[in-house]
Amino acid sequence: MSSQKPSIPKGTRDFAPAEMVRRNFIFDVVRKSFQVFGYQPIETPAMENLSTLMGKYGDEGDKLLFKILNSGNYLDGLPDKESGLRDADSRIQHLTKHIAEKGLRYDLTVPFARFVVQHQHELVFPFKRYQIQPVWRADRPQKGRYREFFQCDVDVIGSNSLLNEVELGQIIDTVFTGLGINVLIRLNNRKVLAGIAEAIGAPDKLTDITVAMDKLDKIGLDKVTDELVERGISYESIEKLQPILTLEGKIKEKFETLEALFIHSETGRKGLEELQVVMRHLKDLELRNKFDFDLTLARGLSYYTGTIIEVKALDAAMGSICGGGRYDDLTGIFGLPGMSGVGISFGADRIYDVMNELNLFPETLQAATRVLIVNFGTEEEKYCLKLLAGLRQAGIPSEIYPDQAKIKKQMEYANRKNIPFVILAGKDEIERGELALKDMRSGEQKTCTPGEAIKLLSW
RNA sequence: GUGGUCGUAGCUCAGUUGGUUAGAGCGAUAGAUUGUGGAUCUAUAGGUCGUGGGUUCAAGCCCCAUCUUCCACCCCA
């Protein structure tokens with residue numbers, strides 16, 4: 001029989017037990033933080049109707065969607081005219097909607113918007129939800145970038161209050177403090193960016209300007225200028241933009257400069273005011289992590305309209321590990337206008353990579369089983385199974401070696417699984433109603449009763 | 001989607017200008033030790049050299065394609 005070489009799709013990964021323990025540590029910290037701030041869990045399907053996803057993430061996003069081929073004979077439904085074009089590359093896009101009607105979710109925000117609209121009559125607003133699930137993107141994998149990865153989203157929808165933004169800042173601080181990662185929380189506001197575009201006389205070029213500005217710390221002022229030219233921004237506008245890009249100094253000074261710039265931009269002033277409110281509160285709350293106003297922070301997703309947030313680890317070279325913002329009308333496209341929301345997403349896989357690199361996982365995460373009962377044979381089984389049941393009832397993670405293997409082999413098993421204790425109950429011990437409890441770290445062994453063993457093994 | 005890069009035993013890696021039967025360490029298995037793991041010693045097993053073509057008397061090594069890994073761009077968690 002010929003066997004095939006096992007493999008998994010590009011950009012996906014298996015998680016071994018040692019990794020899962022660590023991943024679960026992250027999810028636990030995140031989940032507990034979300035819950036303590038009063039958010040409720042939801043889940044949505046891995047796949048959505050393609051019509052729900054298409055057009056929500058820009059042209060780039062559409063390309064990165066994983067599409068699911070219709071089941072059955074998916075070529076059946078094709079209009080006659082097109083049936084001859086099955087292989088024609090130029091028509092693939094056109095064909096797609098006939099042969100694929102579903103796609104894997106690209107993020108958790110758009111499915112959430114769909115969820116809110118669909119369940120609007122059952123929900124209590126403002127609705128605070130969290131959602132921890134995988135998402136898929138047909139991107140080229142590289143460092144910190146996978147085709148399947150987990151996002152941990154918290155959003156509150158149906159409230160305009162800036163207190164929600166403040167709360168998200170607190171959640172970020174709580175989560176990363178809990179994980180032991182030092183981070184910088186960067187804040188900006190889309191209205192400020194719109195104000196800048198207005199003030200330099202290029203209000204219609206907002207997206208182009210923000211995409212270019214976003215790269216400032218990465219490629220430098222000169223190349224950003226080049227890119228602005230390429231994107232069709234006039235020299236006059238670029239000249240006006242230069243001093244804003246290089247704006248440094250204290251937050252207060254940045255605000256003052258921008259205020260002056262925004263004399264004729266109501267949008268810009270509104271954005272500044274929002275930022276100010278949020279930042280003042282965050283300052284008063286004395287977070288453990290630093291936050292800063294960064295007007296080069298743009299973020300690609302087109303649906304943001306107010307506050308934008310991005311979090312980076314301070315001690316590791318990794319893209320953003322958390323990001324989000326406010327979107328005034330995400331549900332409008334699904335038929336529920338005027339519903340403002342704000343939310344953030346933690347990238348669990350990147351957080352894992354950062355914590356791994358910085359050795360931030362607690363040592364104590366490893367051992368799962370606390371005690372192994374050695375299997376001596378059929379005669380001892382009855383006694384051992386009862387013993388095992390007793391241990392488990394007392395909440396002590398325990399197992400019996402299932403096969404009647406050599407003691408040496410069973411001890412090795414315990415050793416390799418990092419099980420700290422082993423119980424040996426052979427003929428002699430059973431006769432006396434006792435057992436031998438061995439500490440695998442020190443090598444010490446003592447004889448005691450089952451009751452005593454449970455006491456010793458309890459934390 | 002564009003450009004580059006990596007792939008040899010379970011793992012980490014050697015492998016000369018193309019030249020006999022592809023090696024090491026670790027790990028695995030068995031034994032030294034029939035109720036005791038980690039240390040030591042001995043022995044054993046384990047390879048379509050990512051895959052498919054091509055060049056050559058001869059390919060792990062050269063060429064082409066493809067898959068995968070990692071990296072940069074685009075974009076992003």
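Just so it is clear, the model here is predicted, and its values are computed rather than measured.
- With a cut-off of 3.5 Å on both Watson-Crick or G-U wobble distances, the partner of B:rU66 is given as B:rG50.
- Salt-bridge formation is detected for the pair A:E167/A:K128: a Lys NZ or Arg NE/NH1/NH2 atom is positioned less than 4.0 Å from an Asp or Glu carboxylate oxygen.
- Nearer to the 5' terminus of RNA chain B, by closest-nucleotide assignment, is the contact made by A:R416 (compared with the other of A:R416 and A:D349).
- Of the options A:F34, A:F346, A:F37, a ring pair (Phe, Tyr, Trp, His ring centres under 6.0 Å) to A:Y130 is made by A:F34 and by none of the others.
- Taking the charged nitrogens against the carboxylate oxygens, A:D403 and A:K409 have no contact shorter than 4.0 Å, which rules out a salt bridge.
- Around the CG atom of A:D204, the shell of radius 6.0 Å holds more than 12 heavy atoms that belong to other residues, nucleotides or ligands.
- B:rU66 atom P lies 11 Å from atom NZ of A:K10, rounded to whole Å.
- Using a 4.0 Å heavy-atom criterion, one finds that A:L424 contacts the bases of the nucleic acid, with or without backbone contacts as well.
- For B:rG35, the base has no donor-acceptor partner in the side chain of A:E380 [N/O atoms by modelled type, under 3.5 angstrom].
- Across the C1' atoms, B:rC70 and B:rG27 are found 26 Å apart, a figure rounded to whole Å.
- Taking the C1' atom of each, B:rU16 and B:rC11 are spaced 26 Å apart, rounded to whole Å.
- Between A:D349 and A:R23 a salt bridge is recorded (basic side-chain N to carboxylate O distance below 4.0 Å).
- A straight line from CG of A:L297 to P of B:rA77 spans 11 Å, rounded to a whole angstrom.
- You'll find that the side chain of A:M411 is closest to B:rU36, out of B:rA30, B:rU36, B:rA77.
- When the C1' atom of B:rG35 is taken as reference, atom CG of A:N375 falls 13 Å away, rounded to whole Å.
- For A:Y413 and B:rG38, the OH to P distance is 17 Å, given to the nearest whole Å.
- Judged purely by atom type and a 3.5 angstrom limit, A:N182 has no side-chain atom pairing as donor or acceptor with the backbone of A:L314.
- A:G377 comes within contact range of no nucleotide atom at all, as no heavy-atom separation falls under 4.0 Å.
- Salt-bridge annotation for A:K417 and A:E399: present, with a side-chain N of the basic residue lying under 4.0 Å from a carboxylate O of the acidic one.
- Base pairing of B:rG18 is not made with any nucleotide, judged by Watson-Crick or G-U wobble geometry with both donor-acceptor distances under 3.5 Å.
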All N/O contacts under 3.5 Å from nucleotides 72-74 of chain B to the protein, with atom names and distances to one decimal?
{"unit_1": "B:rA72", "atom_1": "OP2", "unit_2": "A:Q142", "atom_2": "OE1", "d": "2.7"}
{"unit_1": "B:rC74", "atom_1": "OP1", "unit_2": "A:K215", "atom_2": "NZ", "d": "3.1"}
{"unit_1": "B:rC74", "atom_1": "N4", "unit_2": "A:R145", "atom_2": "NH1", "d": "2.6"}
{"unit_1": "B:rC74", "atom_1": "N4", "unit_2": "A:R145", "atom_2": "NH2", "d": "3.3"}

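- Using a 4.0 Å heavy-atom distance criterion, A:G319 is classed as making no nucleic acid contact.
- In summary, A:R186 and A:D292 do not engage in a salt bridge, as defined by a charged side-chain N under 4.0 Å from a carboxylate O.
- B:rC61 sits 33 Å from B:rG1 when the C1' atoms are compared, rounded to a whole Å.
- Between the side chain of A:K408 and the base of B:rU36, no donor-acceptor pair under 3.5 Å is found.
- The separation of B:rC67 from B:rU51, taken at their C1' atoms, amounts to 7 Å, rounded to a whole angstrom.
- Distance check on atom C1': B:rG52 versus B:rC57 gives 24 Å, rounded to whole Å.
- Rounded to the nearest Å, the gap between the C1' atom of B:rU36 and that of B:rA43 is 24 Å.
- You'll find that the side chain of A:N415 is closest to B:rG37, out of B:rA30, B:rA77, B:rG37.
- Nucleotide B:rA24 forms a pair with B:rU12, judged by Watson-Crick or G-U wobble geometry with both contacts under 3.5 Å.
- Atoms CZ (A:R432) and C1' (B:rG35) sit 13 Å apart, rounded to a whole Å.
- Place A:I8 and A:I321 on RNA chain B by their nearest nucleotides, and A:I8 ends up nearer the 5' end.
- Residue contacts for A:G443: at a heavy-atom cut-off of 4.0 Å it reaches a base atom on one of the strands shown.
- Judged by the 6.0 Å and 45° rule, A:K254 forms a cation-pi pair with A:F293.
- Remark: P of B:rA77 and CZ of A:R137 are 5 Å apart, rounded to the nearest angstrom.
- In this structure, the aromatic ring of A:F149 is positioned over the six-membered ring of the base of B:rA77, centres within 5.5 Å and planes within 30°.
- Nucleic acid contact for A:F346: none, since no nucleic acid atom lies under 4.0 Å from a heavy atom of the residue.
- With a 3.5 Å ceiling on both atom-pair distances, the Watson-Crick or G-U wobble partner of B:rA32 is B:rU40.
- At a cut-off of 3.5 angstrom, the base of B:rU36 holds at least one donor-acceptor pair with the side chain of A:Q445.
- Within the nucleic acid shown, A:C322 comes within 4.0 Å of sugar-phosphate atoms alone, with no base atom in reach, counting heavy atoms only.
- A:K406 has a side-chain polar atom (N or O) that falls below the 4.0 Å cut-off from OP1 or OP2 of B:rG31.
- Across all strands, A:E429 comes closer than 4.0 Å to base atoms (heavy-atom distances).
- A distance of about 27 Å separates the C1' atoms of B:rU68 and B:rG18, rounded to the whole Å.
- Across the protein-nucleic acid pair, A:R186 atom CZ and B:rC76 atom P stand 13 Å apart, rounded to whole Å.
- Sorted by residue number, the list of members of residues 165-184 of chain A with any non-hydrogen atom under 4.0 Å from RNA chain B is empty.
- One interatomic measurement links the two molecules: CD1 of A:I419 to C1' of B:rG38, which rounds to 15 Å at whole-angstrom precision.
- Screening A:L50, A:T52, A:N70, A:L69 for a side-chain contact (heavy atoms from CB on, under 4.5 Å) with A:K102, the sole residue that qualifies is A:N70.
- Separation of the P atoms belonging to B:rC76 and B:rA14 is 39 Å when rounded to the nearest angstrom.
- Aromatic ring pairs are classed by plane angle as parallel below 30°, tilted from 30° to 60° and perpendicular above 60°; the pair A:F150 and A:F27 is tilted.
- The aromatic rings of A:Y327 and A:Y303 lie perpendicular to each other, with more than 60° between the two planes, well past the 30° mark.
- Residue contacts shown for A:S345 are absent, as no nucleic acid heavy atom lies under 4.0 Å away.
- Using a cutoff of 4.0 Å between basic side-chain nitrogens and carboxylate oxygens, A:D28 and A:R31 are scored as salt-bridged.
- Both distances falling under 3.5 Å, in either a Watson-Crick or a G-U wobble arrangement, occur for no nucleotide opposite B:rG60.
- Closest to the side chain of A:F376, from the set B:rG35, B:rU68, B:rA77, is B:rG35.
- When heavy atoms are screened at a 4.0 angstrom cut-off, A:G61 is found touching no nucleic acid atom at all.
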